[in-house]
Colleague: 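One structure follows; several queries about it will come next.
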Amino acid sequence: MNFENILVHRKNNLAQITINRPKKLNALNKATINELSLAFKELEDDNSIKVIILTGSGEKAFVAGADISEFAHFTVDEGRGLARIGQELLFDYVENLSTPVIAAVNGFALGGGLELAMCCHFRVASDNAKMGLPEVSLGVIPGYGGTQRLPQLVGKGKAMEMIMSAGMISAKEAKECGLVNQVTTQEELLSVVEKIAGKIVSNSSVAISAAIRAINASFEDGVNGFDVEIEEFGECFGTKDFNEGTTAFLNKTKPSFRN
Ligand code: COA
């Protein structure tokens with residue numbers, strides 16, 4: 001599929017999506033959100049893709065937020081629709097993908113940009129990255145899941161401070177508070193992320209998607225994550241990957257997962 005605002009590149013079992021509006025610091029306009037949603041769906045449906053890496057084009061920004069020029073004149077109903085459609089189409093969708101998604105945060109990740117990084121399964125940042133949810137400085141609040149996912153990752157107090165102050169934190173601070181897993185130089189960012197992805201690729205995709213569902217269940221309202229874990233654990237015993245993994249271990253060989 002051809003896209004105007006994003007680039008999709010496949011390499012072996014990995015896919016990289018690059019948000020490609022560098023002149024606008026990769027701000028998320030409606031078209032970009034639609035294209036991202038389509039690209040994620042296409043990659044999720046492609047069994048050869050085991051890990052998706054999401055990054056921004058240029059050296060300055062991952063994504064500097066939702067495109068302010070598009071919503072500056074919205075009404076209350078339009079504002080509500082913007083958040084609801086965005087969450088359903090992209091942010092919740094990515095969080096619940098069965099293919100692991102890693103955000104390679106290569107610069108500013110602000111507002112909708114940080115919300116996008118946060119809905120990925122985990123994040124690695126370059127040392128120039130700056131992260132924050134500055135929405136209250138615009139008279140609005142985060143609408144793409146930021147008020148929910150930031151406290152999950154950094155704790156309620158730190159999330160309150162970041163959202164209320166509208167400030168930015170450095171990559172180093174983001175690592176200290178658990179927002180990103182690792183910090184690298186900008187030059188090494190993608191190779192470091194690809195190295196982590198390489199480790200994921202060698203494991204059972206079927207088991208990894210079960211793990212994503214079980215982990216996500218602990219953050220769902222009215223769902224008992226331990227029960228989901230029991231179910232998902234049990235289901236694994238009926239898969240070819242389980243047979244392959246345990247047989248290989250007992251035979252002291254390397255498993256070859258067919259998923
Ligand atoms: N929406 C729309 N356009 C944006 C944008 C956004 N969220 N963030 C940056 N841009 C555009 C700027 O308008 C500018 O466009 P122009 O050259 O046509 O005027 C271009 O990207 C470059 O941004 P600029 O502000 O000139 O870069 P800078 O280095 O001076 O500042 C930031 C960088 C990230 C600090 C600044 O762009 C910023 O504060 N952006 C908005 C962040 C925000 O509030 N995000 C949350 C939105 S809900």
Side-chain angles (χ1 to χ4, degrees), residues 5-7 16-29 32-33 36 53-72 86 90-91 94-95 101-194 196:
N5 302 287
I6 63 173
L7 305 169
Q16 182 179 315
I17 302 179
T18 307
I19 301 160
N20 192 30
R21 301 182 73 216
K23 286 186 181 153
K24 293 289 174 190
L25 303 187
N26 304 320
L28 291 178
N29 58 3
T32 306
I33 289 185
L36 282 169
I53 296 166
L54 178 64
T55 194
S57 171
E59 293 179 353
K60 208 167 162 184
F62 173 72
V63 171
D67 194 319
I68 299 168
S69 65
E70 272 194 352
F71 65 73
L90 183 60
F91 296 78
V94 170
E95 181 169 58
V101 185
I102 309 172
V105 180
N106 57 309
F108 287 115
L110 302 174
L114 181 56
E115 291 173 299
L116 186 59
M118 288 194 295
C119 74
C120 296
H121 296 120
F122 61 92
R123 292 142 290 284
V124 177
S126 55
D127 50 16
N128 64 313
K130 293 236 183 305
M131 283 157 259
L133 293 178
E135 284 85 348
V136 298
S137 71
L138 299 166
V140 67
I141 67 166
Y144 289 145
T147 63
Q148 306 305 298
R149 292 191 182 100
L150 188 62
Q152 288 169 8
L153 288 164
V154 306
K156 186 175 170 185
K158 182 73 184 166
M160 286 280 189
E161 182 190 338
M162 284 178 67
I163 290 172
M164 288 177 192
S165 67
M168 295 184 209
I169 61 171
S170 66
K172 185 169 171 279
E173 288 172 277
K175 179 164 186 283
E176 281 163 8
C177 68
L179 187 50
V180 305
N181 292 11
Q182 207 172 318
V183 179
T184 78
T185 61
Q186 191 164 48
E187 297 72 45
E188 287 172 327
L189 178 64
L190 288 175
S191 60
V192 166
V193 173
E194 281 180 19
I196 299 170

Colleague: Any donor-acceptor pair under 3.5 Å linking the side-chain atoms of Thr18 with those of Asn20?
Modeller: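 Asn20 vs Thr18: no donor-acceptor pair found between side chains.
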Colleague: Please tell me if the side chains of Leu116 and Ile19 come closer than 4.5 Å, counting only heavy atoms from C-beta onward.
Modeller: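 Touching, per the 4.5 Å side-chain cut-off.
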Colleague: Quick check: do Leu25 and Leu110 have side-chain heavy atoms less than 4.5 Å from each other?
Modeller: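 When only atoms from C-beta onward are counted, Leu110 and Leu25 do not touch, as no gap falls below 4.5 Å.
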Colleague: Do you see a donor-acceptor pair shorter than 3.5 Å between the side chains of Ser170 and Glu173?
Modeller: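 Yes - a donor-acceptor pair under 3.5 Å links their side chains.
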Colleague: With a 4.5 Å limit on heavy-atom distance, are the side chains of Leu28 and Leu36 in contact?
Modeller: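 Yes, close enough: below the 4.5 Å cut-off.
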Colleague: Side chains of Met118 and Leu179, heavy atoms from C-beta outward: is any pair under 4.5 Å?
Modeller: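 They are in contact (side-chain heavy atoms under 4.5 Å apart), so the answer is yes.
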Colleague: Given 3.5 Å as the limit, does a donor-acceptor pair link the side chain of Gln186 with the main chain of Asn128, or not?
Modeller: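 Flag not set: sc Gln186 to bb Asn128 has no pair under 3.5 Å.
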Colleague: I'd like to know if the side chain of Glu115 and the backbone of Gly146 have a donor-acceptor N/O pair within less than 3.5 Å.
Modeller: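 Side chain of Glu115 to backbone of Gly146, a donor-acceptor pair under 3.5 Å: yes, one is there.
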Colleague: Using 0.5 Å steps for rounding, measure from the OG1 atom of Thr147 to the CE atom of Met160.
Modeller: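 Interatomic distance, Thr147 OG1 to Met160 CE, rounded to 0.5 Å: 9.5 Å.
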Colleague: So how far is it from Lys24 NZ to Ile68 CD1, rounded to the nearest 0.5 Å?
Modeller: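 Reported value, rounded in 0.5 Å steps: 10.5 Å.
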Colleague: Measure across Phe71 and Ala66 and return the closest heavy-atom pair with its distance rounded to 0.1 Å.
Modeller: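 Heavy atoms only, the tightest pair is CE2-CB, 3.8 Å.
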Colleague: Rounded to the nearest 0.5 Å, what separates atom CG in Asn26 from atom OG1 in Thr32?
Modeller: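 Those atoms lie 8.5 Å apart.
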Colleague: Please answer whether the main-chain N or O of Ala61 pairs with a side-chain N or O of Asn106 as donor and acceptor at a distance below 3.5 Å.
Modeller: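 Yes, because the side chain of Asn106 sits within donor-acceptor range (under 3.5 Å) of the backbone of Ala61.
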Colleague: Answer yes or no: is there a side-chain heavy-atom contact under 4.5 Å between Met131 and Phe62?
Modeller: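 Heavy-atom side-chain distance check fails, nothing below 4.5 Å.
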Colleague: Kindly compute the distance separating CD (Glu187) from OG (Ser126), expressed to the nearest 0.5 Å.
Modeller: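 The CD atom of Glu187 sits 9.0 Å away from the OG atom of Ser126.
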Colleague: Does His121 use its side chain to pair, donor to acceptor, with the backbone of Val101 at less than 3.5 Å?
Modeller: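 Yes, the answer is positive, given that a donor and an acceptor are paired below the 3.5 Å cut-off.
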Colleague: To the nearest 0.5 Å, tell me how far Ile196 CD1 sits from Ser191 OG.
Modeller: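 One gets 10.0 Å once the value is rounded to the nearest 0.5 Å.
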Colleague: Taking C-beta and beyond as the side chain, do Gln16 and Val193 meet within less than 4.5 Å on heavy atoms?
Modeller: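 The answer is no; the side chains never approach within 4.5 Å.
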Colleague: What closest approach, in Å, do Ala103 and Cys120 show between heavy atoms, and which atom pair accounts for it?
Modeller: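 Reported closest heavy-atom pair: CB-SG, 3.8 Å.
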Colleague: Contact between Cys177 and Ile169 at the side-chain level, heavy atoms closer than 4.5 Å - yes or no?
Modeller: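 Heavy-atom side-chain distance check passes, below 4.5 Å.
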Colleague: Count the heavy atoms belonging to other residues, nucleotides or ligands that lie under 6.0 Å from CD of Glu176, then report whether that count exceeds 12.
Modeller: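 Yes, enclosed.
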Colleague: Enter the distance from Glu194:CD to Leu189:CG here, rounded to the nearest 0.5 Å.
Modeller: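 Here the rounded value is 10.0 Å.
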Colleague: Taking atom types as modelled, find out whether Thr184 and Gln182 have a side-chain donor-acceptor pair closer than 3.5 angstrom.
Modeller: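 On atom types as modelled, these side chains do not qualify, holding no pair under 3.5 Å.
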Colleague: Can you tell if the side chain of Met162 reaches within under 4.5 Å of the side chain of Leu133, non-hydrogen atoms only?
Modeller: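 Side chain of Met162 against side chain of Leu133, heavy atoms only: no contact under 4.5 Å found.
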